[in-house]
Amino acid sequence: MMLTVRNAEEDQVQALDLGADDYLTKPFSPRTLLARVRALLRRSAGAEKPAPVIAGDFALDLEHQFVTVAAAPPVRLTRLEFRLLQLLLANAGHPLPTERLLRHVWGTRASDDRQLLKQLVHRLRQKIEIDATAPRYLVTVSGVGYALEAAGEGESTRLDRGSGKTDTSR
């Protein structure tokens, strides 16, 4: 739903064409806003379930916060583990700075305590790695942060852990 001061027809058409389900301009009454939100919720109740995010060996179930790695059974993730893995999957093969991971997982309350992130990575490795002491998927990139190597069959992405550069080969 778009809530805006722009009331030109072109703006409304553009917003709806870009995917907005409704368009409400200021000023508006709170009762109108609530009625439109209720209508959106009714329409979305029968909507399809979101498709899983798939990258390499990973399939992330967005609705239930499960992850499936290779042929292993699905694993339930905590909210924080899910947020971390979601960002890493979206950037698979690329190292992400610790600060960005902290901000994404904990939001504006992100502290500079890197130990929190280390503990979260440790718990996530326990769930997704065959051997958490020798991680294959969730790797530490020295001086940068972490990266997810989601490589499966076909094209694989390898991360040069020293330089943080990726090498894609068949």
Using modelled atom types and a 3.5 Å cut-off, is there a donor and acceptor pairing between side-chain atoms of [X] and backbone atoms of [Y]?
{"X": "Thr140", "Y": "Ser142", "answer": "no"}
{"X": "Glu149", "Y": "Ala92", "answer": "no"}
{"X": "Arg125", "Y": "Leu138", "answer": "yes"}

Starting from the C-alpha separation in whole Å, work towards a yes-or-no answer on side-chain contact (heavy atoms from CB on, under 4.5 Å) for Met2 and Leu16. CA-CA 9 Å; Met2 298 287 295; Leu16 294 169; over 6 Å; no
Between atom [atom1] of [X] and atom [atom2] of [Y], what is the distance when rounded to the nearest 0.5 Å?
{"X": "His104", "Y": "Glu99", "atom1": "NE2", "atom2": "CD", "value": "15.5 Å"}
{"X": "Leu24", "Y": "Asp22", "atom1": "CG", "atom2": "CG", "value": "6.5 Å"}
{"X": "Ile128", "Y": "Arg123", "atom1": "CD1", "atom2": "CZ", "value": "13.0 Å"}

For atom [atom1] of [X], is the number of surrounding heavy atoms from other residues, nucleotides or ligands below 6.0 Å larger than 12?
{"X": "Glu9", "atom1": "CD", "result": "no"}
{"X": "Gln126", "atom1": "CD", "result": "yes"}
{"X": "Ile130", "atom1": "CD1", "result": "no"}

Is [Y] close to [X] at the side-chain level, that is, under 4.5 Å between some pair of heavy atoms?
{"X": "Leu120", "Y": "Trp106", "answer": "yes"}
{"X": "Gln86", "Y": "Val53", "answer": "no"}
{"X": "Thr98", "Y": "Leu102", "answer": "yes"}
{"X": "Leu89", "Y": "Leu148", "answer": "yes"}
{"X": "Arg83", "Y": "Leu88", "answer": "no"}
{"X": "Leu60", "Y": "Leu77", "answer": "yes"}
{"X": "Leu3", "Y": "Tyr23", "answer": "no"}
{"X": "Met1", "Y": "Arg36", "answer": "yes"}

Dump the intermediate steps for side-chain contact (heavy atoms from CB on, under 4.5 Å) on Tyr146 and Leu96, then the final yes or no. CA-CA 6 Å; Tyr146 297 94; Leu96 295 176; over 6 Å; no
Can Val75 be reached from Ile54 by stepping across I, L, V, M, F, W or Y side chains whose heavy atoms are under 4.5 Å apart?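 Each belongs to a different hydrophobic cluster.
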Same apolar cluster (I L V M F W Y, side chains within < 4.5 Å links), Phe28/Leu41: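 Yes, one cluster joins them.
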Heavy-atom pair with the smallest gap, counting every atom of Leu87 and Arg100: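 Looking at all heavy atoms of both residues, the shortest contact is CD1-NH2, 3.7 Å.
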Taking all heavy atoms of Thr25 and all of Gln12, pick out the closest pair and write down the distance.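 Shortest heavy-atom contact: CG2-NE2, 4.3 Å.
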For a side-chain contact (heavy atoms from CB on, under 4.5 Å) check, start with the C-alpha distance between Thr68 and Phe58, then their side-chain angles and the critical distance, and finish with the verdict. CA-CA 6 Å; Thr68 304; Phe58 289 83; over 6 Å; no
Is it true that Phe66 and Phe82 have ring centroids separated by less than 6.0 Å?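 Ring centroids of Phe66 and Phe82 are no less than 6.0 Å from each other.
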Would Asp61 and His64 count as a side-chain hydrogen bond (donor to acceptor under 3.5 Å, both in side chains) if you check the C-alpha gap in whole Å, the side-chain angles of each, and the deciding distance to 0.1 Å? CA-CA 6 Å; Asp61 181 329; His64 298 105; 3.2 Å; yes
Salt-bridge present (Glu81, Arg76; N to O < 4.0 Å):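 Salt bridge absent between Glu81 and Arg76.
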Can Leu84 and Leu101 be said to form a side-chain contact (heavy atoms from CB on, under 4.5 Å), step by step? CA-CA 7 Å; Leu84 176 62; Leu101 295 169; 3.8 Å; yes
